[in-house]
Amino acid sequence: MKQLIPDNVSKFDNVYDVLKERGFIEQSTDEEAVRDLLKNEKVKFYIGFDPTADCLHVGHFMQVIIMMYMQKFGHTPVVLIGGGTGMVGDPSGRTDMRKLMDVETVDYNCAQFKKLFDKFIDFDDEWQYVGNGGVYQPGHETKTPEPGKAVSVNNGAWIRPLNFLEFVREIGSQFNVNTMLRSEAFKQRMARESGLTFFEFSYMLMQSYDFYVMARDFDVKIEFGGDDQWSNIIGGVDLTRKLLRKDVYGMTFSLLTTSEGKKMGKTQKGALWLDPNRTSPYDFFQYWRNVADADVNKCLRMLTFLPMEEVERLSSLEGAEINKAKEILAFEVTKLVHGEEEAQKALEAARSAFGGGAASENIPTVAMAAAEFEGEGKGLVTLIKELGLAPSNGEARRNIEQGGVAVNGEKITDARFAVTADQFKDGVLLIQKGKKKFMKVTLN
């Protein structure tokens with residue numbers, strides 16, 4: 001299921017400018033040099049993915065979209081799957097040590113990752129990387145990648161064969177511990193009583209070694225990553241420059257966060273997965289349908305391929321009209337991840353539940369006096385209890401504050417929220433608790 005980016009996605013012809021316009025780029029090691037490189041050459045670049053689970057989540061999808069843009073503009077994505085670094089685990093931004101995985105789990109997760117990448121990225125599967133035997137035995141690519149196609153490589157190929165003494169002699173000697181300790185990647189952990197293990201401390205060396213190996217063996221020129229990867233990327237740029245006398249570059253991208261600075265893609269059930277067996281297309285659709293008004297512009301820019309003019313038009317809608325933009329956002333993102341047929345099904349199911357469609361006739365309905373909702377209206381906490389959706393006011397309040405209640409498809413988290421008569425659409429109000437409990441309230 002390959003997704004093509006439309007030609008009218010941007011007025012720019014340099015992918016750097018396109019990514020800048022969409023709001024992806026946070027930092028570059030040399031902005032002018034990177035922009036010129038992407039304008040004047042077709043380069044190999046890489047993004048690394050450690051197999052911490054057997055499925056990709058929406059945080060990974062940002063990186064996938066960036067690779068799709070780069071591929072459209074003629075550059076070669078190198079998808080680096082961390083069969084080596086995944087044995088350690090990146091401590092960046094972590095407050096505790098990651099759970100260690102055995103080799104079999106890491107290898108299984110790597111294989112599952114590759115299957116999901118195949119849905120979005122067009123690969124040259126005949127390309128292979130072979131022959132690496134450690135620090136002193138470089139590997140090589142078996143062929144030049146076909147133009148316009150990506151390649152995938154597993155860093156277990158060069159990290160697992162490493163000899164410890166060789167590695168710390170040749171690579172570790174290039175790193176200053178004082179400089180490493182000042183990096184953002186370690187600050188959070190160093191401030192905690194549990195500190196940081198030497199095992200995790202070595203991760204920066206391994207990720208830096210990744211860049212060095214790929215620059216040496218098959219001419220990768222840029223590393224991309226989330227903004228939390230800046231210190232690790234700088235390490236790779238510096239190491240490659242020292243050992244190869246070669247200029248390479250790094251660029252980081254905004255993390256997908258809400259207007260309040262919280263990471264998107266977290267639900268009551270956990271992560272928002274790209275696998276339909278983990279997160280159903282309907283639940284996936286509903287997540288984006290219910291984003292905050294302030295997050296609509298960012299999501300449309302970063303997670304859809306709508307032209308910027310359309311993004312700005314939709315995100316400028318106000319009041320109830322902004323719901324149209326959210327519906328388009330949800331449809332477009334679900335279409336990218338699950339295909340147009342599943343997106344259409346999710347759209348129809350949502351409209352049916354929230355818009356009085358055919359299936360909504362099965363939703364329980366309660367008639368209430370219009371007078372109850374006049375003036376300042378009726379408290380949502382009280383209404384939920386009276387409808388039998390919660391056994392007590394306290395439970396109703398907790399449901400609301402934990403994000404488990406929606407009114408007419410809009411998630412409500414303020415327990416002081418009041419329902420007023422003007423919120424009824426054609427005399428109907430739809431209350432949802434959790435994923436499956438619906439109740440219609442009509443006025444009499």
Side-chain angles (χ1 to χ4, degrees), residues 1-5 9-10 13-20 22 24-25 28-29 34-35 37-51 56 58-83 85 110-129 139 141-155 157-158 207 210-226 229 232-233 236-237 240 248-254 274 302-303 305 336-337:
M1 184 182 73
K2 302 299 189 299
Q3 302 291 344
L4 298 177
I5 301 175
V9 72
S10 176
D13 55 11
N14 184 342
V15 69
Y16 183 93
D17 297 325
V18 176
L19 295 174
K20 191 82 172 176
R22 308 295 286 203
F24 284 108
I25 298 174
S28 300
T29 54
V34 171
R35 187 176 184 276
L37 182 65
L38 295 177
K39 177 182 178 182
N40 298 319
E41 296 183 33
K42 302 304 181 188
V43 303
K44 290 194 188 88
F45 70 96
Y46 93 92
I47 299 179
F49 298 85
D50 276 348
L56 298 171
V58 75
H60 297 121
F61 192 53
M62 284 269 291
Q63 313 297 325
V64 172
I65 284 179
I66 288 162
M67 290 192 289
M68 293 170 76
Y69 275 115
M70 290 288 288
Q71 190 168 47
K72 176 177 177 59
F73 284 84
H75 303 286
T76 301
V78 177
V79 178
L80 178 67
I81 300 178
T85 46
C110 286
Q112 299 305 110
F113 267 34
K114 178 57 170 61
K115 289 178 184 177
L116 283 163
F117 283 124
D118 281 334
K119 292 176 61 177
F120 307 108
I121 306 293
D122 194 12
F123 285 94
D124 179 355
D125 286 324
E126 294 182 2
W127 181 94
Q128 298 291 329
Y129 175 78
E141 57 183 346
T142 55
K143 57 170 287 196
T144 300
E146 289 186 31
K149 291 196 174 183
V151 296
S152 177
V153 66
N154 189 320
N155 65 15
W158 54 80
Q207 183 168 330
D210 283 344
F211 201 173
Y212 161 76
V213 167
M214 290 185 288
R216 179 192 66 188
D217 296 353
F218 49 96
D219 198 30
V220 171
K221 293 188 176 180
I222 311 179
E223 178 182 0
F224 291 163
Q229 293 299 306
N232 292 331
I233 291 173
V237 169
T240 303
V248 293
Y249 306 94
M251 193 154 71
T252 64
F253 298 100
S254 305
L274 305 187
M302 293 184 166
L303 298 173
F305 298 132
L336 278 174
V337 173

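Start at 1 with the first residue, then count along the sequence.
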Please, which pairs that meet side chain to side chain donor-acceptor pair (under 3.5 Å) have at least one residue in residues 142-151, sequence neighbours excluded?
D124-K143
Suppose we screen for side chain to side chain contact (heavy atoms under 4.5 Å, CB included). Which residues come up paired with [X], at least two apart in sequence or across chains?
| X | result |
| --- | --- |
| K221 | L37, E41, V43, D219 |
| D125 | K114, F123 |
| F73 | V15, V18, H75 |

Salt-bridged, K39 to D13, with N to O below 4.0 Å?
no
Could you go through the side chain to side chain donor-acceptor pair (under 3.5 Å) check for Q207 and E223 one step at a time?
CA-CA 10 Å; Q207 183 168 330; E223 178 182 0; 2.9 Å; yes
Which residues pass the side chain to side chain donor-acceptor pair (under 3.5 Å) test with Y129, sequence neighbours left out?
N132, D217
Apply side chain to side chain donor-acceptor pair (under 3.5 Å) to T85 and list each qualifying residue two or more places apart in sequence or on a separate chain.
D50, N155
Determine the minimum heavy-atom distance between [X] and [Y], stating which atoms define it.
| X | Y | value |
| --- | --- | --- |
| G139 | R216 | N-NH2, 4.3 Å |
| N154 | C110 | ND2-SG, 3.7 Å |
| G82 | P51 | O-CD, 3.2 Å |

Donor-acceptor pair, distance only, cut-off 3.5 Å: does the side chain of Q63 make one with the backbone of G225?
no
Worked check of side-chain contact (heavy atoms from CB on, under 4.5 Å) between M251 and T29
CA-CA 6 Å; M251 193 154 71; T29 54; over 6 Å; no
Hey, mind stepping through L336 and F305 against side-chain contact (heavy atoms from CB on, under 4.5 Å) and telling me if it holds?
CA-CA 9 Å; L336 278 174; F305 298 132; 3.5 Å; yes
[X] side, atom [atom1]; [Y] side, atom [atom2] - distance, nearest 0.5 Å:
| X | Y | atom1 | atom2 | result |
| --- | --- | --- | --- | --- |
| I66 | F45 | CD1 | CZ | 9.0 Å |
| K72 | D122 | NZ | CG | 13.5 Å |
| D17 | R35 | CG | CZ | 4.0 Å |
| L274 | L56 | CG | CG | 5.5 Å |
| M67 | I121 | CE | CD1 | 4.5 Å |
| M62 | L303 | CE | CG | 6.5 Å |

Do F224 and Y46 have their ring centres less than 6.0 Å from each other?
no
Establish, yes or no, whether a centroid distance under 6.0 Å links the rings of F117 and F49.
yes
Taking side chain as C-beta onward, heavy atoms only, is [X] less than 4.5 Å from [Y]?
| X | Y | result |
| --- | --- | --- |
| V237 | Y249 | no |
| S254 | M302 | yes |
| I81 | V153 | no |
| Y212 | V248 | no |
| I47 | V78 | no |
| V9 | R22 | yes |

Give the ring-plane orientation class for F218 versus W127, where under 30° counts as parallel, over 60° as perpendicular and anything between as tilted.
perpendicular
Go through the steps for V151 and Q128 under the test side-chain contact (heavy atoms from CB on, under 4.5 Å), then give the verdict.
CA-CA 8 Å; V151 296; Q128 298 291 329; over 6 Å; no
Test side-chain contact (heavy atoms from CB on, under 4.5 Å) on E141 and M214; report intermediate values, then the result.
CA-CA 10 Å; E141 57 183 346; M214 290 185 288; over 6 Å; no
